[in-house]
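Report on one structure; see the data block that follows.
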Amino acid sequence: MSRPLTIAIDGPAGAGKGTLARRLADCYRLPHLDTGLTYRAVAHRLLANGWPLGDAPHAVEAARLVDLGNLDKATLSAHAVGEAASRVAVIPEVREILAAKQRAFARQPGGAVLDGRDIGTVVCPDALVKLYVTASAEVRARRRLAEIEANNGSGEFAAILADIERRDARDMGRADSPLKPAADAHLLDTSEMSIEAAFLAARAIVDDALAKRDGA
Ligand code: DC
């Protein structure tokens, strides 16, 4: 039996890893899990009940209730929920519970695509392909502003940039499973790349790993 095609994608908020993960999942016909949604689901439950984000016992209870088959992307995508998710994500017991669910998803016979912050380092350290997708904070802020404006909203570049830098600092600075590239991850800096170019680069990396696996 050959190793399943597990693709682990990590990177900071707004680097384009979600889009890349969906494109790769489509291309290789693999199930995809956006693990950020699991942290967002925990944060959303705390917010909805008026519980503080540092309330570990309630956060643990919320983590146990996370159902991977029932993650409401529309509700969980709100910006405030992402910010809150980054705060509950520092609680080790929450990470342990969610990582176990994510690992169970990853263990599919044909493989899977998972994207997040600690997939290559903690959740799927044996993934066949690991990608670390990044872009400068300025580029990510510019993209976020363009996205907001495309949806008829408005925002201020400096505030968005400060927000991204704060989130990076929290996600990279936490003690448990901080965001960092796995030693064997392929780095993909999308600062100067279109999404199409990033997808083609990622596909070349995956095809290469498959050829090596299959001895071609
Ligand atoms: O990718 P996202 O913006 O949906 O993630 C929201 C937050 O969840 C992120 O700032 C940190 C946390 N997270 C994490 O700690 N580990 C993951 N594997 C995915 C997300």
Side-chain angles (χ1 to χ4, degrees), residues 6-25 31-47 53-54 56 59-60 62-63 66 68 71-107 112-127 130-135 137 139-141 143-145 147-148 160-182 185 188 190:
T6 307
I7 304 178
I9 307 181
D10 292 301
K17 63 185 185 307
T19 311
L20 196 58
R22 278 190 300 277
R23 296 255 341 235
L24 289 172
H32 165 226
L33 178 64
D34 169 357
T35 63
L37 290 178
T38 64
Y39 290 90
R40 285 170 180 262
V42 172
H44 184 256
R45 190 174 286 269
L46 293 180
L47 293 171
L53 296 168
V60 164
V66 168
L68 298 190
L71 294 166
D72 179 9
K73 197 164 181 206
T75 314
L76 300 178
S77 293
H79 181 67
V81 179
E83 179 62 23
S86 166
R87 295 176 57 187
V88 299
V90 305
I91 305 171
E93 301 92 312
V94 167
R95 302 202 67 84
E96 200 180 311
I97 293 164
L98 296 181
K101 292 178 198 255
Q102 295 160 11
R103 248 173 238 130
F105 180 92
R107 265 194 304 269
V113 180
L114 287 86
D115 71 279
R117 301 290 188 288
D118 61 343
I119 308 303
T121 49
V122 175
V123 177
C124 302
D126 298 326
K130 296 180 187 178
L131 300 172
Y132 189 84
V133 185
T134 187
V139 166
R140 288 183 282 136
R143 285 182 190 157
R144 169 141 332 135
L145 183 56
E147 195 180 301
I148 293 170
I160 295 173
L161 179 60
D163 208 77
I164 281 182
E165 287 174 338
R166 201 170 44 243
R167 179 97 79 93
D168 282 358
R170 198 183 296 120
D171 290 349
M172 293 175 184
R174 65 175 174 240
D176 186 0
S177 320
L179 168 64
K180 62 173 182 201
L188 211 56
T190 69

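When a ligand or atom number is given, it counts from 1 through the structure's own listing order.
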- Message: Suppose we screen for side chain to side chain donor-acceptor pair (under 3.5 Å). Which residues come up paired with Asp168, at least two apart in sequence or across chains?
- Response: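 Per chain and number, Asp168 pairs via side chain to side chain donor-acceptor pair (under 3.5 Å) with Arg140.
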- Query: Does Arg95 have any side chain to side chain donor-acceptor pair (under 3.5 Å) partners at least two apart in sequence or in another chain, and if so, which?
  - Reply: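 Arg95 satisfies side chain to side chain donor-acceptor pair (under 3.5 Å) with Tyr39, Asp118 once adjacent residues are dropped.
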- Query: Is the NZ atom of Lys180 crowded by more than 12 outside heavy atoms at less than 6.0 Å?
  - Reply: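 Open.
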- Message: Distance check, rounded to the nearest 0.5 Å: Asp115 atom CG versus Leu33 atom CG?
- Response: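 Interatomic distance, Asp115 CG to Leu33 CG, rounded to 0.5 Å: 7.5 Å.
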- Message: Checking the side chain of Lys17 only, and the main-chain atoms of Arg117 only, is there a donor and an acceptor separated by less than 3.5 Å?
- Response: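 A pair under 3.5 Å: no.
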- Hey, which residues fall under 4.0 Å of ligand 1 on heavy atoms?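 Those residues closer than 4.0 Å to ligand 1 by some heavy atom are Lys17, Thr35, Gly36, Tyr39, Arg40, Ala85, Ser86, Ala89, Arg95, Gly116, Arg117, Asp118, Arg167, Asp171, Arg174.
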- Item | Contacts of Arg143 that satisfy salt bridge (Lys or Arg N to Asp or Glu O under 4.0 Å) - sequence neighbours left out |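 For Arg143 there are no salt bridge (Lys or Arg N to Asp or Glu O under 4.0 Å) partners, ignoring immediate neighbours.
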